[in-house]
Amino acid sequence: MKKILITNDDGYESEGLLALIEALDGLGQITVVAPSTEKSACGHSLTLTRPLSFICVGDDFYKLDDGTPSDCVYLALHSMFDDQKPDLLISGINKGSNMGEDITYSGTAAAAMEAVLHSVPAIAVSQVMDFTQPIGDFALAKKAIRHLAEKILTGDFPLNEREFLNVNIPYDVDELEFAVTYAGYRYYANDAHLHRNPRGLEYYWLGLHPLEFKPREKRSALCDFEAIEAGKVSLTPIKLDMSAYKSMQQLREWL
Ligand SMILES: Nc1nc2c(ncn2[C@@H]2O[C@H](COP(=O)(O)O)[C@@H](O)[C@H]2O)c(=O)[nH]1
């Protein structure tokens, strides 16, 4: 029987995680290891400075106290799959998109990175949200991820070593249509909001600014943002090799 490992970064009680489990029902033996608390924007952090513990919350369903998504993958592979690695790791369904350079912050994407570093095929799946509206049922996301998982588990994983599939699901769309994309260019501000507690101690809340984007020049395909704007499920192949090959010669000349 095929083995599927599931994790996320919104925490083990997230609606997106439960929807993902439902979407994959019947496709294989599912093991869930998810953080005990929300870990959004935790990146590819591993917890090396304190111990972590699995806490069983159901059949083959564990929360990792208090681990990151990457810890969940790392420890699950170490402790639960000593004879045969999982055939697929799926991280999500994240409440919020992860497009462009978002993936450099994303715990959802980082779990997929951790998996492919251990030669386990991986998908990160994130749902574009309107946070002013009810969360919804992730219907399109479930349909999309089941389609992709079935193709992978009955056939092959379409990417190369140390590459993962970053999937973003459009908001409020019913029809399933895929688009193969590249990661767009995301604009980031560095807003922070200063407050003081009743004793005068200052503290900040980061972020909370609009995250605009643009396509990158001279690309034939759509970027992830454009696919989402067109109501398509964005499939972006991401490689972990971050070397700036085009800059190597200019660096040599600079020396
Ligand atoms: N650079 C900023 N990124 C932000 C901000 N608000 C949200 N985000 C995005 O959060 C997600 C985290 O991903 P997750 O998979 O860990 O939930 C990622 O897409 C970030 O870009 C912000 O104000 N600034």
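Index from 1, following the sequence. Both ligands and their constituent atoms are indexed starting at 1 by order of listing.
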Any side-chain donor paired with an acceptor under 3.5 Å for Ser97 and Asn168? no

When the aromatic ring centroids of His209 and Tyr188 are compared, is their separation below 6.0 Å? no

Check: Asp224/Ser234 side-chain N/O donor and acceptor closer than 3.5 Å: no

Does Ser126 reach ligand 1, in the sense of a heavy atom lying below 4.0 Å from it? no

Answer whether the closest heavy-atom distance between the side chains of Asp156 and Pro121 falls below 4.5 Å. no

Under 4.0 Å from a heavy atom of Ser97: give me the atoms of ligand 1 that qualify, with their elements. 19 (O)

Could you tell me the residue and atom name of the protein heavy atom closest to atom 10 (O) of ligand 1, and the distance to it rounded to 0.1 Å? Ala41 CB, 4.5 Å

What protein heavy atom lies closest to atom 24 (N) of ligand 1? Include the residue and the distance to one decimal. His209 NE2, 3.4 Å

Anything under 30° is parallel, anything over 60° is perpendicular, the rest tilted; go ahead and classify Phe54 against Tyr62. perpendicular

To which protein heavy atom is atom 23 (O) of ligand 1 closest, and what is the distance rounded to 0.1 Å? Gly207 CA, 2.9 Å

Can you find an N or O of Asp10 that's nearer than 3.5 Å to an N or O of ligand 1? no

Have a look at Asp102, Asn98, Asp9 and point out the one with the heavy atom closest to atom 16 (O) of ligand 1. Asp9

Do me a favour and list the nearest non-hydrogen protein atom to atom 2 (C) of ligand 1 with residue, atom name and distance? Tyr188 CD2, 3.8 Å

Say whether Asn94, considering both its backbone and side-chain N or O atoms, lies within less than 3.5 Å of an N or O atom on ligand 1. yes

closest protein heavy atom to atom 4 (C) of ligand 1 is Leu211 CD1, 3.9 Å

Verdict with supporting geometry, Asp71 and Thr47, side-chain hydrogen bond (donor to acceptor under 3.5 Å, both in side chains): CA-CA 7 Å; Asp71 292 330; Thr47 303; 2.5 Å; yes

Hydrogens and angles aside, do His44 and Glu114 bring a side-chain donor and acceptor to less than 3.5 Å of each other? yes

Atoms of ligand 1, numbered as shown, that sit under 4.0 Å from any heavy atom of Thr108: 14 (P), 15 (O)

Where does the angle between the aromatic ring planes of His118 and Tyr74 fall among parallel (under 30°), tilted (30 to 60°) and perpendicular (over 60°)? perpendicular

Identify, by atom number and element, the atoms of ligand 1 in contact range of Ser40, meaning under 4.0 Å from any of its heavy atoms. 16 (O), 17 (O)

Could you tell me whether the side chains of Asn8 and Ser91 share a donor-acceptor contact shorter than 3.5 Å? no

Close-contact set for ligand 1 against Gly107 heavy atoms, below 4.0 Å: 14 (P), 15 (O), 16 (O)

